[in-house]
There are 2 protein chains.
Amino acid sequence: MSALAHPARRQILLTLHFRGGEATAGEIAERFEHAWPTTTRHLHVLAEAGLLQQEKRGRTRVYTLDRKRLALITEWLAWFDR
Amino acid sequence: MSALAHPARRQILLTLHFRGGEATAGEIAERFEHAWPTTTRHLHVLAEAGLLQQEKRGRTRVYTLDRKRLALITEWLAWFDR
DNA sequence: ATAAAATTTAGCAGATCGGCTAAATAACAC
DNA sequence: GTGTTATTTAGCCGATCTGCTAAATTTTAT
């Protein structure tokens, strides 16, 4: 859950969502003012948390949103509705 | 959202929930192996994030869970269901 | 007035975070 | 094979996090 702690990372997730769940590292990075390596690191944190999957496609890398993983968080929050 | 990043803080929220949304600092702290001041700090972080309210009652302090604030997070996550 | 109980505040120390630049890697184009 | 494009890796550095102990604060009890 600490993967969601940083605004840039939440923005990455939303960006991916509204692009149909997939985007290349470049497409994502260009939306931020951060230097590329900074975004690369955020992507890595998200992938480490299982929220993103990485796929090497030619010389680009495509990141895919894992909505199931996000759903786990929603489920955790649902404890408070009982 | 970074207030939820630490496991101890999530545990505090659940503890409060299952006690009806209210508990004293002591009741919460005794559930953790952490030193008291450590738990005090976690409580403060949660209060700062608006997830808890603090009320001085005699020589104890009662913390109350703010479920509305938690609901905001659920709402954010709901973006991914569209 | 003094002591005990409940809790916070202060402040130190090591770990992690998050930005950066510079250099490395991998795939494609000529 | 040389260069260009896309992206990551390495590593520095200041800021924030999280644990601790010791001391302060506030209320209740004697």
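As the structure is a prediction and not an experimental result, all values here were calculated from the model.
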Which atom pairs, one a donor and one an acceptor, fall under 3.5 Å between side chains of residues 43-62 of chain B and the rest of the protein, sequence neighbours left out?
| residue | atom | partner | partner atom | Å |
| --- | --- | --- | --- | --- |
| B:Gln53 | NE2 | B:Asp66 | OD2 | 3.0 |
| B:Gln54 | NE2 | B:Tyr63 | OH | 2.8 |
| B:Glu55 | OE1 | B:Arg57 | NH2 | 3.0 |
| B:Glu55 | OE2 | B:Arg57 | NH2 | 3.4 |
| B:Thr60 | OG1 | B:Arg57 | O | 2.9 |

Straight-line distance of B:Leu14 CG to B:Leu65 CG, nearest 0.5 Å: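 The distance works out to 9.0 Å.
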Reported CD-to-OG1 distance for the pair B:Glu33 and B:Thr38, which is rounded to 0.5 angstrom: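 Between B:Glu33 CD and B:Thr38 OG1, I get 12.0 Å after rounding to 0.5 Å.
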Nucleotide nearest A:His34 (side chain, heavy atoms from C-beta), chosen from C:dC20, D:dG19, C:dT8: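 Of the options given, the side chain of A:His34 lies nearest C:dC20.
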Sugar-phosphate only, base, or nothing, as touched by A:Gln54 at under 4.0 Å among non-hydrogen atoms: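 The answer is sugar-phosphate, as A:Gln54 gets under 4.0 Å only of primed atoms, P, OP1 or OP2.
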Sugar-phosphate, base or nothing in reach of A:Tyr63, heavy atoms under 4.0 Å: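 Sugar-phosphate contact only.
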Just how far, in rounded Å, is [atom2] of [N] from [atom1] of [X]?
X: A:His42; N: C:dG19; atom1: NE2; atom2: C1'; answer: 8 Å
X: B:Leu43; N: D:dG19; atom1: CG; atom2: C1'; answer: 15 Å
X: A:Arg41; N: D:dC12; atom1: CZ; atom2: P; answer: 13 Å
X: B:Phe32; N: D:dG19; atom1: CZ; atom2: P; answer: 10 Å
X: A:Glu30; N: D:dT5; atom1: CD; atom2: P; answer: 15 Å
X: B:Glu27; N: C:dA5; atom1: CD; atom2: P; answer: 17 Å

Distance below 4.0 Å between A:Thr40 side-chain N/O and D:dT9 OP1 or OP2: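 Indeed not, no polar side-chain atom of A:Thr40 lies that close.
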Got a list of protein N/O to nucleotides 21-29 of chain C N/O distances below 3.5 Å?
none

Exam field: side chain B:Arg67 to backbone A:Asp81, donor-acceptor pair closer than 3.5 Å: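 Not a single qualifying donor-acceptor pair exists.
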Sidechain-backbone polar pair: A:Ser2 side chain, A:Ala5 backbone, donor-acceptor under 3.5 Å: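 No; zero donor-acceptor contacts below 3.5 Å.
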Connected via hydrophobic side-chain network under 4.5 Å: A:Trp79 and B:Ile28: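 Yes; tracing contacts between hydrophobic side chains, which count when under 4.5 Å, links both residues.
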Single-linkage hydrophobic cluster, 4.5 Å side-chain cutoff, A:Leu4 and A:Phe18 together: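 Result: yes, single cluster for both.
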Aromatic contact, A:Phe32 with A:Trp36 (centres under 6.0 Å):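 Not close enough - the centres of the two rings lie 6.0 Å or further apart.
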Comparing A:His44 and B:Glu33 on DNA chain D - which has the more 5′ nearest nucleotide: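 This one resolves to A:His44.
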Residues from residues 5-13 of chain A lying under 4.0 Å of DNA chain D - heavy atoms: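 Contacting residues: none.
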Plane angle bin for A:His34 and A:His6 - parallel if under 30°, tilted between 30 and 60°, otherwise perpendicular: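 Perpendicular.
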